[in-house]
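The next block holds one structure in the form of structure tokens; read it before the comments.
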Amino acid sequence: MKETNSYEVTDLTSLEKLEPVRVRPGMYIGTTGTKGLHHCIWEILDNAIDEVANGYGDKAEVILNKDKSVTIIDNGRGIPTGIHPIKKKSGVEMVYTELHTGGKFNNSNYKTSGGLHGVGAAVVNALSSWLEVEVKQKGKIFKQRFEYAYDKDLKKKMPGTPVTGLEEIGTTKKSGTKVTFMADKEVFGNIDFKFDIIDERLQELAFQNKGITLVLRDERKEEVEEKVYHSDRGLLDFIDYLNESKTILHKEPIFFSGEKSINGLNLEGEVCIQFTDSSTEYIASYVNNIPTTEAGTHETGFKTGMTRIFKEWTKKLNLLKEKEKEFEGDDLREGMTAIVRIKVSNPIFEGQTKTKLGNVEAYSMMNELCYQKIGEWIEDNKEIATIIINNAIYASQRREKIKKINEAEKKKIGNGTSPLAGKIAVCTLKNKDVTEFIVVEGDSAGGSAKQARDRRFQSIMPSKGKIMNTEKQKLENVIASEELKLFNTAIGTGILDNYNEEQLRYNKIIILSDADVDGYHIRTLWMTYIYRYMRPLIQNGHLYIALPPLYKVYKNVKNKEVCKYAYSDDELEKAKKEIGKGALIQRYKGLGEMNPDQLWDTTLNPETRTLQRVTIEDAAKAEKMISLLMGDVVEPRKNYMYKYAEF
């Protein structure tokens, strides 16, 4: 008799062809949410951009079709259509049905590529209900269709099954590839692609590949929307775009590039830097056109080389007085906007979704390139360099003062003076995987929330009105804010470069404000602070917005109240129909109008509430929008409002 905990060869499962992708999509695209859905476009688009970036074409298009499918077209060489001598399959079928098949594993076809692992096209095929490839090559047009369909050999339904051969359907003088795919609802749930997310990605790609033309066309609307992207100045246009709403310290950015071969790797680096009067830094880094949101060796090399040369020139220019402490890299980069991009012939990424570069050669190359080129720039721009260095010295002195203030605060806590006592209702559980920290607008709502919460896992912090707009404040003013100090102490992670995820005391940080203009403003101020000073809270999925209802629709039936809550005007109409004749409507003007039971049922109870997770789908867009909407420069904000606001 087989024991229940025995492990036999019959227990082993072997996944065929593209089944592994279908069974574990997160391993290949990170998530099956919005980010993963759009990652399917990036995988196909990266292949198109690789053709263009390597000089084989100059245009790529993304079309959002009426039926929710997506088409990506390029005018490159086209996927090989010939029959492979060993596999006995066309190049198209190999690329779209086999993992780790492509022309990017040696450097003979592509000097550099973003689509590295040879899995992108096949993964998209595996996660689509159907996919069609059209190739223009050698005077002919070829087409093949794949579906999530029955496989005759395996006698079961399989992802990415060829339902036609590679058919010749016409003649042409052009070349290129056209891919149309329908993302599978079974995998993603929601297959509505967002115009804004694709818009920002194409804008970035146009900045990074000067001279090429990209097109985004949305045919899902009655009136087709089309945008064309083209940049003649490349990264110089990009930095103007990022810094549009910031006060810059020098008009002409620091711009340089260079290339090198190390250990058989071909590396090309390009950097653009501009300093502003902001109190935080922003670095947009890329490898072979892929945004490396978790940085990597190229970004570390950039920082090291830049810090090294500025420190040397500080001594040469005698800008550091005797006994004054030398600044650190963080101090130097305060207020800096930088774009760091590198092309690597054989990049090593950490993780399938390619968000962190691991090549040590990239560190060496960027370190030396930045040291040399920034040194040459300082030689010709000593006045601006002096301003930058003096700002770094001042930032260093300020950091030391802040450190002393923080140490004094810690000593107070050590002496038994808890800064949270009487100000925050702390939960009893200490397990940070389940605990929640809820910032509630106003003392009145805070009081209701304290009564309504589940005290085991929910901590409540009443927020006294509006916190400062941290985008417009100096670092020392932000640090001195009592309310923000209280928030920081409760969360436990520290801020800026002192941020430590391991010290986080709560899995969810939830902002709960009224569903009115003031409530939205309060929410925006908190999000601005967290984006600037505790960004990993957003990047790691800890920040949420609570959605309180706008209406309660109710009536008494046999001395018992029957009610529905509505979160929008559309939901109100639906609720009125469901409750039926004689329905009464209560409009909530604020959280304080709800009694604790109502607040628990609608907004705090994990079983019945609605939370919106705050994410950064596009770092460059987030950077621009925060400074545009919350910064000091008025004109770009005014233009934005005239363009998008409904008056």
Reported CG-to-CZ distance for the pair L37 and F193, which is rounded to 0.5 angstrom: 4.0 Å
Donor-acceptor contact present, side-chain K432 to main-chain E502, <3.5 Å: yes
What pair of heavy atoms forms the shortest contact from D277 to K474, and how long is it? O-NZ, 3.9 Å
Please determine which of D199, D196, D218 meets the salt bridge (charged side-chain N to carboxylate O under 4.0 Å, His left out) test together with K227. D199
Taken to the nearest 0.5 Å, the spacing of Q473 CD from T470 OG1 works out to 8.5 Å
Any side-chain heavy atom of P159 within less than 4.5 Å of one from N125? no
Evaluation steps, side-chain contact (heavy atoms from CB on, under 4.5 Å), between L525 and M468: CA-CA 7 Å; L525 291 168; M468 66 174 65; over 6 Å; no
Is the terminal nitrogen or CZ of R523 (NZ for Lys, CZ for Arg) located under 6.0 angstrom from the six-membered ring centre of Y520 and within 45° of that ring's axis? no
I'd like to know whether NZ of K194 has more than 12 heavy-atom contacts from other residues, nucleotides or ligands below 6.0 angstrom. no
Report the residue from N367, T292, V344, N359 that forms a side chain to side chain contact (heavy atoms under 4.5 Å, CB included) with H298. T292
Shortest non-hydrogen contact from Y567 toward L547: CE2-O, 2.9 Å
Got a donor-acceptor contact below 3.5 angstrom from the T528 side chain to the T524 backbone? yes
I want to check something: taking the side chain as every heavy atom from C-beta on, are R637 and S245 in contact at a cut-off of under 4.5 Å? no
Can you check whether K450 reaches P462 side chain to side chain, under 4.5 Å on heavy atoms? yes
What's the shortest heavy-atom distance between S627 and L242, and which atoms? OG-O, 4.2 Å
Nearest 0.5 Å please: distance from the CE atom of M336 over to the OG1 atom of T280. 10.5 Å
Find out whether R505 and I491 are in side-chain contact, i.e. whether some heavy atom of one side chain is under 4.5 Å from a heavy atom of the other. no
Between R201 and D46, is the closest basic N to carboxylate O distance under 4.0 Å? yes
Does D331 form a salt bridge (Lys or Arg N to Asp or Glu O under 4.0 Å) with R398? I'd like the steps, not just the answer. CA-CA 9 Å; D331 305 315; R398 209 170 58 236; over 6 Å; no
Could you tell me whether the side chain of S279 reaches within less than 4.5 Å of the side chain of Y533, counting heavy atoms only? yes
Might you work through the side-chain contact (heavy atoms from CB on, under 4.5 Å) test for I511 and Y544, ending with a clear yes or no? CA-CA 6 Å; I511 301 168; Y544 293 81; over 6 Å; no
Is a side-chain donor or acceptor of N469 paired with a backbone partner of M630 at a separation under 3.5 angstrom? yes
Tell me, do T247 and T276 make a side-chain contact under 4.5 Å, heavy atoms counted? no
Hey, is the main chain of T34 close enough, under 3.5 Å, to the side chain of H38 for a donor-acceptor pair? yes
Pairwise side-chain contact, I479 with I495, heavy-atom cut-off 4.5 Å (strictly under): yes
With sequence neighbours excluded, what pairs up with R22 under the side-chain hydrogen bond (donor to acceptor under 3.5 Å, both in side chains) test? D184
What's the separation between atom CD1 in I239 and atom CD in Q274, rounded to the nearest 0.5 Å? 5.5 Å
Candidate pair E436 and R609, rule salt bridge (Lys or Arg N to Asp or Glu O under 4.0 Å), full reasoning: CA-CA 14 Å; E436 302 176 352; R609 71 189 177 189; 2.6 Å; yes
Any donor-acceptor pair under 3.5 Å linking the side-chain atoms of Y499 with those of E501? yes
Distance from I388 atom CD1 to E334 atom CD, nearest 0.5 Å? 13.0 Å
Determine whether Y241 and Q203 satisfy the following criterion, side chain to side chain donor-acceptor pair (under 3.5 Å), listing intermediate values before the conclusion. CA-CA 10 Å; Y241 167 83; Q203 182 66 80; 5.8 Å; no
Would one find more than 12 heavy atoms of other residues, nucleotides or ligands at under 6.0 Å from atom NZ of K185? no
Where S448 and M594 come nearest, the two heavy atoms and their spacing: OG-O, 3.3 Å
Does L205 offer a backbone N or O that forms a donor-acceptor pair with the side chain of N209 under 3.5 Å? yes
Please step through salt bridge (Lys or Arg N to Asp or Glu O under 4.0 Å) for the pair K423 and E482, ending with a clear verdict. CA-CA 11 Å; K423 297 171 184 172; E482 288 301 325; 5.5 Å; no
Any luck finding a side-chain donor-acceptor pair between E204 and Y286 under 3.5 Å? yes
Determine yes or no for a side-chain-to-main-chain donor-acceptor pair under 3.5 angstrom, with E43 supplying the side chain and A121 the backbone. no
Evaluate the criterion side-chain contact (heavy atoms from CB on, under 4.5 Å) for residue pair I460 and I424; output intermediate values, then yes/no. CA-CA 6 Å; I460 303 292; I424 292 178; over 6 Å; no
side-chain contact (heavy atoms from CB on, under 4.5 Å) with E281: which residues, sequence neighbours excluded? I283, K303, R333
I'd like to know if the side chain of N243 pairs up with that of T337 as donor and acceptor (distance under 3.5 Å, no hydrogens or angles considered). yes
Check against ring pair (Phe, Tyr, Trp, His ring centres under 6.0 Å), Y506 and H542: CA-CA 8 Å; Y506 298 91; H542 297 298; over 10 Å; no
Closest heavy-atom contact between W526 and S463? NE1-OG, 3.5 Å
Any donor-acceptor pair under 3.5 Å from E244 side chain to D240 backbone: no
side-chain contact (heavy atoms from CB on, under 4.5 Å), that's the test. Do F302 and S285 meet it? Break it down for me. CA-CA 10 Å; F302 156 73; S285 68; over 6 Å; no
Do the side chains of I339 and V271 get nearer than 4.5 Å, heavy atoms only? no
Out of curiosity, M366 CE to E270 CD, how far, rounded to the nearest 0.5 Å? 9.5 Å
Give the minimum heavy-atom separation between E299 and A295, together with the two atoms involved. OE1-CB, 3.3 Å
Apply side chain to side chain donor-acceptor pair (under 3.5 Å) to the pair R341 and N289, showing each step before the final yes or no. CA-CA 8 Å; R341 66 187 297 257; N289 291 318; 3.2 Å; yes
